[in-house]
Amino acid sequence: MRALGQSLLHKPVVPSFSARVIQWFSRYGRRDLPWQVADPYAVWVSEIMLQQTQVAKVLDYYARFMARFPTLAALAQAREDEVLALWSGLGYYNRARHLHRAAGLCLSRHGGQLPHTLEALLALPGIGRSTAGAILSLTGQSAQPILDGNVKRLFARHFLIEGDTNRSAVQKRLWALAEKHLPETGFAHYNQALMDLGANVCRRSGPRCDECPVSDTCQALQHKRVAELPQRRQKTGSPRVSMPLAVLIHDHQSIPAVFLCQRSSHGIWPGLWFVPVFESASQLDDWWKATGLPQGHAGEPITHVLTHRQLVLKPRVLRCATRPALNDQADAIRGRWVNVAELTQYAHPRALQKLLQQVGLRSDPNQARLGRS
DNA sequence: AATGCGGGGCT
DNA sequence: AGCCCAGCATT
């Protein structure tokens, strides 16, 4: 067009992150929801309800709730029973109790309305930083960032934030991003759009990157790592269990054999054969002494992950040229020597294989062939 | 049937 | 900083 414009804009410029988000909202965002109003009370109620339920279900409950408690004062004056009754079916009833309690506090502390500062909102039960930010920003009161689960996912992907998103260090980075990209104007639409994008476009599984207004700058998409973000903490618990083991091997007549015993029908690897397992290192020591075996040596611990626990296999290893004499103490655990070539018939395999590899025995289940590594 | 989820409260 | 909540969605 104009000469000036052409000279300055000879390269296409990518609009800012927030500009693209807002642009998307103006085209595709829902703007007809009943809580999309300037009333902080209405936004508050909806935000609490939406924390736990999908929009479709909230619509129904929200309408009934607001019909009965159209104002904060009406809610504050109600009995908790009645609030809970209207909440019935939404679940997470503590949130209804908090809502009710907070309404009472607004009456006594804030002249019957929700406070207008982040600090005062955060002091109310059931309102955390994200909900407080939503109340202030969606009503246009002040520019505050939000960070709900959907936005966390979007940010973690777009800005390639690695690490468990619930860890405080990661949360910090995400909040910093939320602050950094919050626009000075249009923040209400921007925040609303972020939540909608996170929920419906940047979905946990099956994200619709082709519909995303910021896919051009999405680092996870560029690196093909959308599916693996956000990272969650590794599954809870799976306690580490120490498993002292006696690994006895002999190479008599060049056919290696391992001392195995059958596991009970309960617990780990029921009925399968494995090297002798002991409750504790001292029990292993006692048994070892009682059998009259030579010292042996401690092998490297091996971690073996099961569904519900991590086994730390702690082998004590003895490898001899000939079959060592085991006195009747060995019988107490009903063990027997098994040629390595026959292991596959007994086999619980992966853990055993790892162990045997570690002491220099290689067992190949397909070839049933073994040798020194 | 089992697992994952997520904002906020609580310790 | 980390655990718990409690019920639905997802796998």
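Convention: sequence-line order gives letters A, B, ...; per-chain numbering from 1. If you're wondering where the values come from, they're calculated on a predicted model, not measured in any experiment.
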Can you tell me, in whole Å, how much space there is between the P of C:dA6 and that of B:dA1? 23 Å
Rounded interatomic separation in angstrom, taking CD from A:Q51 and P from C:dC4: 21 Å
Between A:R129 and A:E179, is the closest basic N to carboxylate O distance under 4.0 Å? yes
Only pairs at least two apart or in different chains count here, so list each ring pair (Phe, Tyr, Trp, His ring centres under 6.0 Å) that has a residue in residues 164-187 of chain A. A:F17-A:H181, A:F159-A:H181
Can you list everything that forms a side chain to side chain donor-acceptor pair (under 3.5 Å) with A:D210? Sequence neighbours excluded, please. none
Scan residues 33-46 of chain A against DNA chain C and write down, sorted by residue number, each residue with any heavy atom closer than 4.0 Å; if none is found, say none. none
Return the set of residues passing side chain to side chain donor-acceptor pair (under 3.5 Å) with A:E47 (not counting sequence neighbours), or none when no residue passes. none
Test item: side-chain donor near acceptor, A:H116 and A:Q141, under 3.5 Å: yes
Residue pairs involving residues 59-75 of chain A (criterion salt bridge (Lys or Arg N to Asp or Glu O under 4.0 Å); sequence neighbours excluded): A:R68-A:E82
Would you please name every residue forming a side chain to side chain contact (heavy atoms under 4.5 Å, CB included) with A:K180, sequence neighbours left out? none
Can you pull out the residues from residues 123-134 of chain A that lie within a 4.0 Å heavy-atom distance of DNA chain B? A:L124, A:P125, A:G126, A:I127, A:G128, A:R129, A:S130, A:T131
With sequence neighbours left out, write down each residue that passes side chain to side chain donor-acceptor pair (under 3.5 Å) with A:Q222, or none if nothing qualifies. none
Quick one: list whatever passes side chain to side chain donor-acceptor pair (under 3.5 Å) with A:N94, sequence neighbours left out. A:R97
Tell me whether the rings of A:W24 and A:Y28 are parallel (<30°), tilted (30 to 60°) or perpendicular (>60°). tilted
Identify, residue by residue, the members of residues 87-107 of chain A with a heavy atom below 4.0 Å from DNA chain C, and return them in order of residue number, or none. A:G91, A:Y92, A:Y93
Between A:P230 and A:A156, what is the shortest heavy-atom contact and its length? CB-CB, 3.7 Å
Please classify the nucleic acid contact of A:N166 as base, sugar-phosphate, or nothing, using heavy-atom distances under 4.0 Å. nothing
Let's see if you get this right: which residues in residues 192-211 of chain A place a heavy atom under 4.0 Å from DNA chain B? A:R204
Under the rule for ring-ring contact (aromatic ring centres under 6.0 Å, His included), what residues qualify as partners of A:H189, not counting sequence neighbours? A:F25
